[in-house]
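What follows is a set of notes on a single structure, which appears directly below.
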Amino acid sequence: MNITTISDDIFKLSVSLENVLFEGIWEIPRGVSVNSYIVKGEKIALVDGVCGWDGVPEHLFEMLDQMNMKIDDVDYLIINHMEPDHSGWLEDLRSIKANLNIICTKPAEQLLEAFYGRVDNIRVVKDGDTLDLGNGRILTFATVPNVHWPDAMVTYDTMTKTLFSCDVFGTYGYIEGKHFDEDLTEEELVIFEEEGVRYYSNIVATFSDFTKKALDKLKDIEIKVVAPGHGLVWRKNPSKIIDDYKRYAAYQKDPDLHEVTVLYGSMYGMTEKAVQHIIESLKNYDVKVNVHRVPETSWGTILASVWNSPVVILAMPTYEYKMFPPMAAILEELGNKKVHNRKALRIGSYGWSGGAQKELDEIMKHKGMKWTFVEPVEFKGAAAQSDYQKMDEGIIELMEMIGVSDTAVTV
Ligand SMILES: Cc1cc2nc3c(=O)[nH]c(=O)nc-3n(C[C@H](O)[C@H](O)[C@H](O)COP(=O)(O)O)c2cc1C
């Protein structure tokens, strides 16, 4: 755990995680930080906690020691969001200071009881409520329901105009010694953009409509510092992460990028050979192409890729009268994350009955995904020249749909 000064009397305590699956599912190749904040007036508030990683509470005590504080000095624990990665200190803190005052929303109060059996010393807050810490430091609260649990809220320090936003404006990614956006090189900023969309697509995507409402609610607040529960503190250019989140929310239905995801599975190479043809054909267009094989590529990586891609090529064979199972699993997950309105081509090999296409149609329908498909190209065994021709025609159609033209020079 490390401690960083954000501004006079505001400190970040954070833990970096790597080599774990975040939420037990998502790979985090560049790690993630989990951030908690200490805000001091006459009274002291701890905004969010982190899970019981990294020797908490011992490390927490060391950090407090460095600030000449003891846990007894903390007057309030503000819980923006009850998910255990942010509320996990609660049990330890309560065992040390039983009368710790907790500030949270009504839905969080119910979750507190469910998760920790806690019903005492809770002040429930709603939109616009304030907490006066003394010395002119007044905190206000705004609920942001379902970003990403029903209980979520953000806390705003009116003195420094710092927004403690918990999961909102979070990113994956952790670079040793880099805590603020102003610490980053251009290349590192690109890393955090990639990790932003990865985090959004893995964690927040399902709640994009709620995220849009939350962003709308926050738009009239003057924000000088964004201090989220994951990732960097945005101090030099806070509007960067706010605008990024607007884009990410919009990508649910319309990623306005020239990017294609080719998602495929293949048992014996027939479908894979056709995928190679498609990859070659896409080289004729000015588009970024991401190729992912299932089940080898993790769901988190695929989600991030498809979130950025208006065009998706799905390639899979028939397997036991249905589609190759890992492809069905990831398509269901894309449906759960509400990845809507993609333009798509499906290709694949079958042996005798087919069945992949039927299952694909069913998934699209029951998940309400509203993808627009060009004519599928299914072939028995190996693809023939006429099949490759049809694939190329499908690609032309898809590229036209996103306004990308063929870069090959014809004489
Ligand atoms: C375990 C297994 C199950 C299969 N089930 C079906 C099936 O139900 N219907 C069908 O038409 N083909 C079925 N096939 C045939 C494959 O779809 C066919 O071999 C296809 O060419 C495989 O494509 P690939 O080389 O890209 O893996 C099956 C093949 C395997 C290995």
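Numbering starts at 1 and runs along the sequence shown. Whatever order the structure lists ligands and atoms in, that order sets their numbers, starting from 1. Hydrogens, waters and symmetry mates are skipped; everything else that's a heavy atom, side chains included, is used.
N284 and D406 are not linked by any side-chain donor-acceptor pair at a separation below 3.5 angstrom, with hydrogens and angles left out of the test. Between the side chains of K273 and S349, no donor N or O sits under 3.5 Å from an acceptor N or O. With hydrogens and angles left out, the side-chain atoms of S14 and N2 include a donor and acceptor closer than 3.5 Å. H277 and D392 are linked by a side-chain donor-acceptor pair at a separation below 3.5 angstrom, with hydrogens and angles left out of the test.
When each atom of ligand 1 is checked for a heavy atom of T271 under 4.0 Å away, the hits are 23 (O), 24 (P), 26 (O). Residue-ligand proximity, Y268 to ligand 1, at heavy-atom distances under 4.0 Å covers atoms 24 (P), 25 (O), 27 (O), 31 (C).
The minimum heavy-atom distance linking I138 with T130 is given by the pair CG2-CB, 3.8 Å. For the pair K236 and D181, the tightest heavy-atom approach, listed with the atom from each and the gap, is N-OD1, 2.9 Å. For the residue pair P228 and N35, the shortest heavy atom distance occurs at O-ND2, 3.0 Å.
Atom 16 (C) of ligand 1 has T318 O, 3.5 Å as its closest protein atom, hydrogens excluded (heavy atom only). Closest to atom 23 (O) of ligand 1 among all protein heavy atoms lies P317 CB, 3.3 Å. Residue, atom and distance of the protein heavy atom nearest to atom 2 (C) of ligand 1 are Y319 CD1, 4.1 Å. Taking atom 25 (O) of ligand 1 as the reference point, the nearest protein heavy-atom neighbour is M270 N, 2.8 Å. Among all protein heavy atoms, the one lying closest to atom 21 (O) of ligand 1 is S349 OG, 2.6 Å. Regarding atom 29 (C) of ligand 1, its nearest protein heavy-atom neighbour is M267 CE, 3.6 Å. Annotation: atom 4 (C) of ligand 1 to nearest protein heavy atom, E320 N, 3.6 Å.
The nearest non-hydrogen atom to atom 18 (C) of ligand 1, considering only S266, A315, P325, G351, comes from G351. With distances taken over non-hydrogen atoms, the option nearest atom 13 (C) of ligand 1 out of Y350, Y264, W352, F324 is W352.
Looking at N101, its side chain does come within 3.5 Å of a backbone N or O of D75 through a donor-acceptor pair.
Using a non-hydrogen distance threshold of 4.0 Å, S353 registers as a contact of ligand 1.
In this pair, Y199 and H230 present their aromatic rings tilted. The plane angle is within the 30 to 60° band.
Considering backbone and side-chain N/O of Y321, one or more are found under 3.5 Å from N/O of ligand 1. Taking only nitrogen or oxygen atoms, main chain and side chain alike, G269 reaches within less than 3.5 Å of ligand 1. At a 3.5 angstrom cut-off on N or O pairs, K322 does not count as close to ligand 1. Below 3.5 Å of separation, one finds no N or O of G265 facing any N or O of ligand 1.
Contact check on K358 versus D361 returns no salt bridge, with no Lys/Arg side-chain nitrogen under 4.0 Å from an Asp/Glu carboxylate oxygen.
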